[in-house]
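First comes the structure, then the notes that go with it.
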Amino acid sequence: PVSDTNTHLIEKLLNQRSAIKESQVSITEAGRLLIEITQRKPVLRIQSSNGGFYVDETQYIFPLVPSFTSYVPIVSGHIPFTLNADHRGMALEDDGNWMGKILELGNYLSSDPFWNSQIEQIYVDAQGDIILSPRVGNHKIIFGDLKDIETKFNKLYTFYKNIVPAQGWDKYSSVNLKYKDQIICKINKKKKK
């Protein structure tokens with residue numbers, strides 16, 4: 001019977017699901033159970049030694065959902081904190097708000113259709129530098145730290161607009177954006193021969 005339905009308990013059970021941000025459960029005047037769910041919107045996927053996780057726009061981390069795939073950039077490499085296989089919530093050891101900074105990069109990518117379709121992986125090297133892997137081209141993009149994101153993408157756009165048409169996609173093995181007012185490209189030794 002409707003009178004025996006515990007809407008609060010149903011909300012509590014639903015909200016324990018990692019992909020659900022919030023649920024609202026009520027009973028209509030006609031006696032129908034109404035459930036409204038707000039899903040979490042993944043911005044990044046973290047691949048760690050303990051498995052894969054999504055990160056939403058609020059920095060909430062939750063395990064991958066077997067029945068759902070979100071095509072967002074994958075962050076791998078030297079992640080500066082450890083996540084247990086069943087972790088749900090904020091990063092506990094996040095000194096310096098690294099998660100907030102990497103999420104800023106993820107939000108930048110998702111807000112721009114070109115970069116969202118171009119960048120597929122974010123690798124963190126042992127020194128903490130960010131290296132991006134594009135979907136098109138066989139070069140790596142050495143992004144450096146997580147400062148001046150827009151400026152670095154403007155430099156990368158300059159590379160794609162001016163250098164790639166003249167030199168081709170395979171001329172360079174890396175594009176380094178770390179340094180102010182510079183784009184440093186390393187020639188692909190395989191193509192040099």
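Side-chain atoms are counted along with the backbone in the values below, which use heavy atoms only and exclude waters and symmetry mates. Please read these numbers as outputs of a predicted model, since none were measured by experiment.
Taken to the nearest 0.5 Å, the NZ atom of K152 stands 8.5 Å off from the NZ atom of K147. One distance of note links CD1 of I187 with OG of S174; it measures 10.5 Å at 0.5 Å rounding. A distance of 12.5 Å separates OG1 in T151 from CG in L156, rounded to the nearest 0.5 Å. With rounding to the nearest 0.5 angstrom, the CE atom of M99 is 13.5 Å from the CD atom of E104. Atoms CD1 and CG, from I130 and L132 in turn, are 7.5 Å apart once rounded to the nearest 0.5 Å. Atom-to-atom distance recorded for E11:CD and E22:CD is 8.0 Å, nearest 0.5 angstrom.
Within the 4.5 Å cutoff, side-chain heavy atoms of Y179 are placed close to those of I184. For the pair I142 and L177, the minimum side-chain heavy-atom distance is 4.5 Å or more. Side-chain contact between P134 and H139: present, with at least one pair of heavy atoms (C-beta onward) separated by less than 4.5 Å. With a 4.5 Å cut-off on side-chain heavy atoms, H87 and F53 count as touching. Put simply, the side chain of N176 does not reach to within 4.5 Å of the side chain of K186, judged on heavy atoms. Side-chain contact between I141 and I119 is present, with at least one heavy-atom pair separated by less than 4.5 Å. Using a 4.5 Å heavy-atom cutoff, the side chains of L14 and I10 are in contact. A 4.5 Å side-chain heavy-atom check between I102 and L146 finds at least one atom pair inside the cut-off.
When each of L105, I122, V175 is checked for a side chain to side chain contact (heavy atoms under 4.5 Å, CB included) with F143, only L105 meets the rule.
For F114, the CZ atom counts as densely surrounded, since its 6.0 Å shell holds more than 12 non-hydrogen atoms of other residues, nucleotides or ligands. Remark: N162 CG is packed, more than 12 non-hydrogen atoms of other residues, nucleotides or ligands lying under 6.0 Å away. At most 12 heavy atoms of other shown residues, nucleotides or ligands fall within 6.0 angstrom of atom CD in E150. Other residues, nucleotides and ligands contribute more than 12 heavy atoms inside 6.0 Å of the CD atom of Q59.
Across N50 and N84, no two heavy atoms sit closer than the pair ND2-CA, 4.1 Å. Between S76 and Q121 the shortest heavy-atom distance is OG-NE2, 2.7 Å. The minimum heavy-atom distance linking V43 with V72 is given by the pair O-CB, 3.3 Å. Y172 approaches C185 most closely through the heavy-atom pair CD2-CB, 3.3 Å. The shortest heavy-atom contact between R88 and S18 is NE-CB, 3.3 Å. Of all non-hydrogen atoms in D181 and K155, the two that sit nearest each other are N-NZ, 4.1 Å.
When hydrophobic clusters are built by joining Ile, Leu, Val, Met, Phe, Trp and Tyr residues whose side-chain heavy atoms come closer than 4.5 Å, directly or via intermediates, W169 is grouped together with I163. Residues L13 and L33 do not share a hydrophobic cluster, defined by chaining ILVMFWY side chains whose heavy atoms lie under 4.5 Å apart. Both W98 and I61 belong to a single network of hydrophobic side chains, linked directly or stepwise wherever heavy atoms of I, L, V, M, F, W or Y lie under 4.5 Å apart. Y123 and L83 are not part of a single hydrophobic cluster, where members link through side-chain heavy atoms under 4.5 Å apart. F62 and I74 are assigned to two separate hydrophobic clusters, defined by single-linkage of ILVMFWY side chains at heavy-atom distances under 4.5 Å.
For Y108 and F153, the ring centers are positioned less than 6.0 Å apart.
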| query | Under the salt bridge (Lys or Arg N to Asp or Glu O under 4.0 Å) criterion, do K140 and D125 qualify, and how do the steps go? | reply | CA-CA 12 Å; K140 63 181 177 179; D125 74 8; over 6 Å; no
| task | Evaluate the side chain to side chain contact (heavy atoms under 4.5 Å, CB included) criterion for residues V124 and V75: first the C-alpha distance (whole Å), next the side-chain angles of each, then the deciding distance (0.1 Å), finally the verdict. | result | CA-CA 7 Å; V124 184; V75 181; 4.2 Å; yes
| Given S23 and E36, is the side-chain hydrogen bond (donor to acceptor under 3.5 Å, both in side chains) satisfied, shown in steps? | CA-CA 6 Å; S23 65; E36 295 179 16; over 6 Å; no
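With respect to E57 and K21, a salt bridge is recorded, a charged nitrogen being found less than 4.0 Å from a carboxylate O. Ion pairing between a basic and an acidic side chain is recognised when a charged N comes within 4.0 Å of a carboxylate O; K178 and D129 show such pairing.
In this structure, the side chain of Y54 engages the main chain of S70 through a donor-acceptor pair within 3.5 Å. R135 places a side-chain N or O within 3.5 Å of a backbone atom of S117 that can act as its donor or acceptor partner. One N or O on the side chain of D112 and one on the backbone of W115 form a donor-acceptor pair closer than 3.5 Å.
For the residue pair Y160 / Q118, a side-chain donor-acceptor distance below 3.5 Å is found, with atom types taken as modelled. Side-chain atoms of T58 and D56 form a donor-acceptor pair, as typed in the model, at a separation below 3.5 Å.
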